[in-house]
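We name chains A, B, ... by the order of the sequence lines, and we start the count at 1 in each one.
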There are 2 protein chains.
Amino acid sequence: MTKKTTRRDLLRGGLAIAGAGAFATTAARAQGDPAITELQPWMQQLGEGVDARPYGMPSPHEAHVKRRSVEWLTADPVSSVNFTPLHDLDGIITPNGLCFERHHAGIAEVDPAQHRLMINGLVDYELVFTMEDLARFPRHNKVYFLECAANSGMEWRGAQLNGCQFTHGMIHNVMYTGVMLRDVLATAGVQTAGKWILPEGADASGMTRSIPMDKALDDCMIATHMNGERLRPEQGYPIRLVVPGWEGNMWVKWLRRIEVGDQPWHHREETSKYTDLLADGAARRFTWAMDAKSVITNPSPQAPLTHGAGPTVLTGVAWSGRGSIPRVDVTIDGGKNWHQARMDGPSFDKSMHRFYFDFDWDGKPMLLQSRAHDSTGYVQPTKNQLRQVRGENSIYHNNGIQTWAVDARGEAENVEIG
Amino acid sequence: MTKKTTRRDLLRGGLAIAGAGAFATTAARAQGDPAITELQPWMQQLGEGVDARPYGMPSPHEAHVKRRSVEWLTADPVSSVNFTPLHDLDGIITPNGLCFERHHAGIAEVDPAQHRLMINGLVDYELVFTMEDLARFPRHNKVYFLECAANSGMEWRGAQLNGCQFTHGMIHNVMYTGVMLRDVLATAGVQTAGKWILPEGADASGMTRSIPMDKALDDCMIATHMNGERLRPEQGYPIRLVVPGWEGNMWVKWLRRIEVGDQPWHHREETSKYTDLLADGAARRFTWAMDAKSVITNPSPQAPLTHGAGPTVLTGVAWSGRGSIPRVDVTIDGGKNWHQARMDGPSFDKSMHRFYFDFDWDGKPMLLQSRAHDSTGYVQPTKNQLRQVRGENSIYHNNGIQTWAVDARGEAENVEIG
């Protein structure tokens, strides 16, 4: 085989020094390992057949990989949030069963045969579509992240929650299939005065948000599928609005109506909520796009290093509501030295990106941070830089740099520095 | 809004002629539709909260979307296959719960803490890795299809099975995360005489296949994750070999050992099985790469058209083990006229591609076919072209063009023509 002087040679060199920094065991020494010397039960018996699970589930050994909620966070679980276990995932796709949930009246269990989408307001024809009607429009496939505006919101006042699932887990990233909103609106005929839309959900909260017509006609979709199959109930089955790059609250689930109007409606979810309250008491109106952000998912408080010094993989995710992520920097010494991370996997606009930093850990404490650059040239700021502009009243739109302190045992903790 | 003379205008024009070809209902007429005039139950009550499902599942209304097996196909479900419901999916990602299964001794329920990977044979160091050891190698993310060599095998003798789930459903397409096999082999040090590898599985069938070293060092991976989460048990949890573009039987699941040797082993699964028996009684040795192929998933026998004439979406999937799919042609009249389909969604080498053909159905019977072109210039052949070369003894490697006959009611049937 071709020899290259690379990290692989380093690894191999390490192995020659028995036990020192090597992370594999020689077969000779492994003779003392019952996992090698004894036949395991699954090697000696027939397992379940192909008729056992028409719809499969993860291994029982992965039962810890789950969405988690925080009991004290909200008064009731029907108007609350749970969090994607980012520290247990890799790549850029969030599996459907692990996509975080945010509801305002619980999960609407919609019967698609009884569900309709109405287009009304400033249109030539007020129309009503069945789900089959919508399937007759041309379909498109796009990978997008969806981030709640309140993601990392509890960190405005310093390090609060110990784990990236809780600090950054109000995000998921899936491949949507759906129809372009502009195609559906075109059949109704948007009138010249129609400058805004108001999507409305069919759950008991009747969620509504105002969205400018330019965005509606640009890249918004009415999604029917996520990651190949129909939307999950908690993600808006049978249809949800996809508003690429913009805050998750606008992605109305269980979509039942789109009204076309000449001005924004200023409903509850865009006035008392999802606005940024500044230090002087004024609130910013309409912060829609989610700015570039990143977080190291491993190691992190829920995912400590469980090996000693030597070859170590640091990884994390980055995203921007304004484009793609060509570059992420990481530091392991609290910002004294920054290293350009290795981006790996597909890069799509307004999608999660995966980064890695493969390094040899010296076994000493570390201060880990990541800093995303997006395709517009924007660089992820520190939390203090955000506070200097917005004060400390904010809850939403915290895209500041996150820090994990890793000790010599490999345990990680949420801290704030500098 | 900007006006373009497009399909959208056609749709809109259709709507102006009440009831004739229009596929939406005007709001005024919808006043007779209880789905519009009455509040649905889910609009009047609180649904499940965020603590209800730590790992989510599809809507009960999607219970028909499942893997299916064919009872008469094999003697026992532990050494059998089930099929991906391609006709119920869209986009290019197969959800993990719906990826087809093929086992030779049932699903090995492996405990990752007790599982090891051994590298032995013609190497400088015979090594044993824990699952944590493997996680210290650089990780990579790739989307690949996996197709069983026997996919469409029952169609060699003409149209047999009524549904693309059964004729073409031994395929799935997921995003893998894993380490490069070449990196792991490098730590062991492959000797000059080492020209082949023999991966071995930890299930009771002890699956083995011979793979040339060039492929092993090119793009093979040891995968730990699929679509973001750990591999499913039925897909080889905790590790499987990924052999991009090559027949699925080589993608050894529950990978426990890789032996390096100087020649192929000619084990059972590469001699009596997975070879192509020609008309003269000779069998082709080593047909590894899966040639370009496609199938129309909608409409199809399990997914008839349920609307009348007018705007219709035809869709399907295409793939090639030798590259990407820049083009798919479709015909609705049995090959008299071919139309270039619209490719949509990401295009990756050795990955599934999605195509659409949006057209106005005249309500008359159709003969549907699709024909894939891959990036090497290869064009998917007819079944008769394959038979002319290989005779009719074959089971494996049938990538011939599939035909569905659609009648005036929209019902589809598996037929063979020309």
Side-chain angles (χ1 to χ4, degrees), chain A residues 1 8 11-12 23-25 27 30 35 42 46-51 54-56 59 62 66-67 69 77-78 80 82 89-91 93-95 97 101 105-110 114 116 126-129 133 136 138 141 175 177 186-187 190 225 227-230 232-233 237 311 344-345 358, chain B residues 1 8 11-12 23-25 27 30 35 42 46-51 54-56 59 62 66-67 69 77-78 80 82 89-91 93-95 97 101 105-110 114 116 126-129 133 136 138 141 175 177 186-187 190 225 227-230 232-233 237 311 344-345 358:
Chain A
M1 63 183 280
R8 298 202 296 272
L11 298 180
R12 186 175 163 184
F23 57 88
T25 306
W42 51 84
L46 297 173
E48 283 188 335
V50 297
D51 52 350
Y55 195 99
S59 164
E62 298 298 315
K66 59 184 182 184
R67 302 185 283 218
S69 51
V78 302
S80 189
N82 63 22
L89 304 180
D90 212 323
I93 294 291
T94 314
E101 303 172 64
I107 303 170
E109 292 282 357
V110 176
Q114 299 304 317
R116 300 288 184 273
E126 292 194 333
L127 295 178
V128 174
F129 296 89
D133 294 336
R136 299 175 72 178
N141 298 280
M175 188 176 295
T177 305
T187 62
V190 173
H225 296 70
N227 292 335
E229 66 185 356
R230 294 278 168 184
R232 291 295 177 83
Y237 177 85
D344 192 281
D358 308 301
Chain B
M1 63 181 282
R8 299 202 295 271
L11 298 178
R12 187 174 162 186
F23 57 89
T25 306
W42 52 84
L46 297 173
E48 282 188 336
V50 297
D51 53 349
Y55 196 98
S59 164
E62 298 297 315
K66 58 183 181 183
R67 301 185 284 217
S69 52
V78 302
S80 189
N82 63 22
L89 304 180
D90 212 322
I93 295 292
T94 316
E101 304 171 64
I107 304 171
E109 291 282 356
V110 176
Q114 299 303 316
R116 301 288 184 271
E126 291 194 333
L127 295 177
V128 174
F129 295 89
D133 294 336
R136 299 175 72 178
N141 298 281
M175 187 176 294
T177 305
T187 62
V190 173
H225 296 70
N227 292 336
E229 65 185 356
R230 295 275 169 186
R232 292 295 177 83
Y237 177 85
D344 191 283
D358 309 300

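- Between A:Pro77 and B:Asp51 the shortest heavy-atom distance is CB-OD1, 3.4 Å.
- Of the possible donor and acceptor atoms, none in the side chain of A:Asp90 sits under 3.5 Å from a partner among the backbone N and O of B:Gly228.
- What you find for B:Pro311 and A:Arg136 is that their closest heavy atoms are O-NE, 2.7 Å.
- Across B:Ser69, B:Ala108, B:Gly56, B:Gly49, the residue that shares the most heavy-atom pairs under 4.5 angstrom with chain A is B:Gly56.
- Across A:Glu101, A:Arg116, A:His225, the residue that shares the most heavy-atom pairs under 4.5 angstrom with chain B is A:Arg116.
- Your options are A:Ile93, A:Val110, A:Thr177, and the one with the most heavy-atom pairs under 4.5 Å with chain B is A:Val110.
- Considering CD of B:Glu109 and CH2 of A:Trp42, their distance stands at 10.0 Å, rounded to 0.5 Å.
- Looking at A:Tyr55, both its backbone and its side chain come within 4.5 Å of chain B, counting heavy atoms on both sides.
- Nearest heavy-atom pair, B:Ala35 versus A:Gln114, reported as atom, atom and distance to 0.1 Å: CB-O, 3.4 Å.
- Between A:Asn82 and B:Val50, the shortest heavy-atom contact is ND2-O, 2.9 Å.
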